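Here's the structure we're looking at; comments come further down.
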Amino acid sequence: MKYSFRRAFFWLGIYLVLCLIPLFIAITGPIPEKRDFWIEFGVALGFLGLAMFALQFIFSGRFEKIAATFGMDNVHHFHRKMGIIAFVFVLMHPITLILANPEFLSYFDPRINAPRAVALSFATVSLILITVTSLWRLSFGLNYEKWRLVHGVLALALVFIGTVHVLQVSHYINTLWKQILLALLMGGSMYLVIHTRIVRPWKNRKKPYKVTNVQKERDDSWTLELKAHNHKRMSFETGQFAWLTINDSPFSMQQHPFTIASSEMDNSLLFTAKSTGDFTATWKDIEVGAKVFLEGPFGSFTPKENRNLFLIMGGIGVTPAMSMLRTLKDKKDKRKITLVYANENWKNITFREELEELKTLLNLKLIHILNKPEDGWKGESGIVDYDLLKKHLPEQHNDYMYYICGPEPMMDEAEIALRDLGVDWRHIYTERFDIV
């Protein structure tokens with residue numbers, strides 16, 4: 001994947017066209033008599049909001065071509081931002097109409113049409129719940145599995161009710177061909193959820209993995225070693241991730257993304273995680289022989305170009321770097337590598353011993369930075385900021401590719417600092433995971 005303004009504007013243009021398709025359908029052919037501007041504006045907001053919610057299924061469907069084009073980190077943030085905009089458009093649809101003409105309140109009156117009033121009220125509540133629980137999931141105490149179920153069901157219901165609402169009102173969608181076309185478009189978007197949640201696990205059921213080792217690491221982290229059971233191991237590129245389901249069946253809501261930490265050359269797959277959430281806290285109790293299903297690989301946090309690497313990692317976010325370093329070691333690759341690795345203290349540096357060994361096998365410059373250093377520490381301390389990166393940035397810094405992974409505040413600070421130091425933004429790649 002390569003970043004460029006041309007690619008960005010091209011795909012944003014495609015997205016805009018897709019958002020406008022329902023409106024194009026509505027205004028094609030005979031157009032009903034013109035109404036008050038604010039009524040027509042409110043209707044347009046509804047069409048746009050419905051289209052944007054339908055398109056959300058593309059960006060949440062784990063499609064490899066989408067991720068390879070934009071990068072998984074960018075896809076995640078785009079999905080989040082567009083979801084907020086879609087929320088505003090859909091919510092402003094009834095508000096604008098009611099303010100323009102209070103008679104539209106009758107759509108929510110069960111005495112006039114009970115099924116319609118219940119459906120639209122449910123859709124409105126669903127719209128608010130989807131947005132609120134997405135922005136403040138942890139504040140509501142929702143674990144990832146419950147949120148994922150609620151999010152998916154309510155999103156499907158919202159698009160379905162919205163489509164039925166458009167077809168029933170039929171002010172613009174007033175001919176059979178328009179109704180069929182809109183139904184096919186919205187139905188196709190909803191199928192993407194079914195494909196991700198049902199079709200893929202069904203295809204994946206005959207490709208299980210077995211846990212062959214559970215290894216304790218520093219900083220309350222654990223590594224699972226997996227081997228393919230009666231099938232060929234998935235191929236992946238260093239820096240990619242997969243979704244794990246530790247269950248006898250792939251049909252489970254307990255599915256989480258983790259970076260593959262092993263070398264591309266290994267027969268087994270390694271995943272390392274810190275015990276910070278409901279799911280990862282169970283890793284230490286997983287028994288050898290447990291069945292695991294993987295979906296992937298995904299992501300484009302991959303150094304495909306034969307260029308020097310500058311890696312900025314924090315805590316357990318070092319796992320993609322470990323995959324990169326292990327792969328480069330196995331390939332006997334001698335390119336220049338700088339690893340800036342931030343941790344709280346020396347004792348909790350995950351993979352500390354292995355990194356010291358890799359220094360002797362690779363052209364690797366390893367820089368540890370400790371937030372709470374012990375007495376006598378002579379290395380870097382504090383946080384990854386402008387001053388620290390300026391000190392260690394290579395002189396020909398645009399000969400390097402930059403990869404950042406770790407706690408979000410560290411990533412934000414590092415990314416801004418690199419750009420302030422003159423690093424080309426097209427050389428900076430980030431990967432954020434906040435699901436535990």
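Note that the structure is a prediction, hence the values are computed from the model and not measured.
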Heavy atoms from other residues, nucleotides or ligands near OH of Tyr15 exceed 12 (cutoff 6.0 Å) = yes
Worked check of salt bridge (charged side-chain N to carboxylate O under 4.0 Å, His left out) between Glu353 and Arg218 | CA-CA 10 Å; Glu353 292 79 9; Arg218 291 180 179 273; 2.5 Å; yes
Let me know which of Met234, Lys227, His229 forms a side-chain contact (heavy atoms from CB on, under 4.5 Å) with Tyr209.
-> Met234
Does Arg200 make a cation-pi contact with Trp202, if we ask for NZ or CZ under 6.0 Å from the ring centre and within 45° of the axis?
-> no
Compare all side-chain heavy atoms of Asp424 with those of His427 and state whether any distance is below 4.5 angstrom.
-> yes
Starting from the C-alpha separation in whole Å, work towards a yes-or-no answer on side chain to side chain contact (heavy atoms under 4.5 Å, CB included) for Ile312 and Met410.
-> CA-CA 9 Å; Ile312 305 172; Met410 183 212 77; 4.2 Å; yes
Report yes if the distance between the aromatic ring centroids of Phe87 and Phe53 is under 6.0 Å, otherwise no.
-> no
State the CE-OG1 distance between Met324 and Thr319, to the nearest 0.5 angstrom.
-> 9.5 Å
Less than 6.0 Å separating the ring centroids of Phe258 and Trp283?
-> yes
Does any non-hydrogen side-chain atom of Trp243 lie less than 4.5 Å from one of Phe298?
-> yes
Give a yes or no answer on whether the side chain of Gln56 reaches the backbone of His79 with a donor-acceptor pair at less than 3.5 Å.
-> yes
Flag side-chain contact, heavy atom, 4.5 Å: Lys216 against Trp222 | yes
For Tyr341 against Thr350, the heavy-atom pair lying closest together | OH-O, 3.3 Å
Taking Tyr172 for its side chain and Val166 for its backbone only, find out whether a donor-acceptor pair lies under 3.5 Å.
-> no
Quick one: do the Ser263 and Asp330 side chains pair a donor with an acceptor below 3.5 Å?
-> yes
If you take all heavy atoms of Tyr402 and Tyr400, which pair is closest and at what distance?
-> CE1-O, 3.4 Å
Inter-residue atom distance Leu16.CG - Leu48.CG, 0.5 Å rounding = 9.0 Å
Within the distance-only criterion (no hydrogens, no angle test), does the side chain of Ser323 pair as donor or acceptor with the backbone N or O of Ser262 below 3.5 angstrom?
-> yes
What distance separates Gln255 CD from Phe293 CZ, expressed to the nearest 0.5 Å?
-> 11.5 Å
Are more than 12 heavy atoms from other residues, nucleotides or ligands located less than 6.0 Å from atom NZ of Lys274?
-> no
Measure the shortest side-chain to side-chain distance between Val150 and Leu129 over non-hydrogen atoms and say whether it is less than 4.5 angstrom.
-> no
Do you know the tightest heavy-atom contact between Ala261 and Thr272?
-> CB-OG1, 4.4 Å
Polar contact flag, side-chain donor to acceptor under 3.5 angstrom, Thr223-Glu217 = yes
Is the backbone N or O of Glu225 less than 3.5 Å from a side-chain atom of Thr212, with the two atoms forming a donor-acceptor pair by type?
-> yes
Any donor-acceptor pair under 3.5 Å from Glu237 side chain to Thr302 backbone = no
What do you reckon, are the aromatic ring centroids of Tyr403 and Tyr429 less than 6.0 Å apart?
-> yes
Taking only residues at least two apart or on different chains, which pairs with a member in residues 354-364 satisfy side-chain hydrogen bond (donor to acceptor under 3.5 Å, both in side chains)?
-> Arg326-Glu354
Glu380/Lys391 salt bridge by N-O under 4.0 Å criterion = yes
Begin with the C-alpha distance, continue with both residues' side-chain angles, and end with the deciding distance and a verdict on side chain to side chain contact (heavy atoms under 4.5 Å, CB included) for Leu226 and Ser268.
-> CA-CA 6 Å; Leu226 310 180; Ser268 58; over 6 Å; no
Can you tell if the side chain of Leu269 reaches within under 4.5 Å of the side chain of Phe271, non-hydrogen atoms only?
-> yes
Got a list of side-chain donor-acceptor pairs under 3.5 Å for residues 332-339, not counting sequence neighbours?
| from | atom 1 | to | atom 2 | distance (Å) |
| --- | --- | --- | --- | --- |
| Asp333 | OD1 | Arg335 | N | 2.9 |
| Asp333 | OD1 | Arg335 | NE | 3.2 |
| Asp333 | OD2 | Arg335 | NE | 3.3 |
| Asp333 | OD2 | Arg335 | NH2 | 3.0 |
| Lys334 | NZ | Leu361 | O | 2.8 |
| Arg335 | NH1 | Glu305 | O | 3.2 |
| Arg335 | NH1 | Arg307 | O | 3.0 |
| Arg335 | NH2 | Asn306 | OD1 | 3.4 |

Spacing of CG belonging to Leu370 relative to CG belonging to Asn345, to within rounding of 0.5 Å = 7.0 Å
Kindly indicate, with the supporting measurements, whether the criterion side chain to side chain contact (heavy atoms under 4.5 Å, CB included) is fulfilled by Leu270 and Ile260.
-> CA-CA 6 Å; Leu270 300 178; Ile260 302 170; over 6 Å; no
Output, in order, the C-alpha distance, side-chain angles, deciding distance and verdict of side chain to side chain contact (heavy atoms under 4.5 Å, CB included) for Val193 and Ile198.
-> CA-CA 8 Å; Val193 179; Ile198 299 176; over 6 Å; no
Do side-chain atoms of Arg352 reach the backbone of Trp346 as a donor and acceptor pair under 3.5 angstrom?
-> yes
Side chain proximity check, Asp219 to Ile349, heavy atoms < 4.5 angstrom | no
Would you name the heavy atoms of Leu389 and Ala417 that are closest together and state the gap between them?
-> CD1-CB, 3.8 Å
Does a sphere of radius 6.0 Å around CG in Asp285 hold more than 12 heavy atoms from other residues, nucleotides or ligands, not counting ones at 6.0 Å or beyond?
-> yes
Do Leu18 and Ile21 touch side chain to side chain, with heavy atoms closer than 4.5 Å?
-> yes
Does atom CD of Glu287 have more than 12 heavy-atom neighbours from other groups under 6.0 Å away?
-> no
Nearest-0.5 Å distance that lies between atom NZ in Lys372 and atom NZ in Lys347 = 11.5 Å
Spell out, as yes or no, whether a donor-acceptor pair under 3.5 Å connects the side chain of Asn204 to the backbone of Leu294.
-> yes
When you check the side-chain N and O atoms of Ser134 and His151, is any donor under 3.5 Å from an acceptor?
-> yes
Just by modelled atom types, is the Leu158 backbone N or O under 3.5 Å from a matching donor or acceptor in the Ser126 side chain?
-> no
Should we count NZ of Lys232 as having more than 12 external heavy atoms under 6.0 Å?
-> no
Please tell me if the side chains of Asp266 and Arg233 come closer than 4.5 Å, counting only heavy atoms from C-beta onward.
-> no
Considering all heavy atoms of both residues, which atom of Phe89 and which atom of Gly49 are nearest to each other, and what is their separation?
-> CB-CA, 3.9 Å
Do you know which two heavy atoms are closest between Ala414 and Val384, and how far apart they sit?
-> CB-CG1, 4.1 Å
Has the side chain of His231 got a donor or acceptor atom that lies under 3.5 Å from a matching backbone atom of Pro208?
-> yes
Do you know which of Leu135, Ile128, Ile130 makes side-chain contact (heavy atoms from CB on, under 4.5 Å) with Val132?
-> Ile128
Is it true that Phe279 and His256 have ring centroids separated by less than 6.0 Å?
-> yes
Side chain Lys284, main chain Ser221, donor-acceptor under 3.5 Å = no
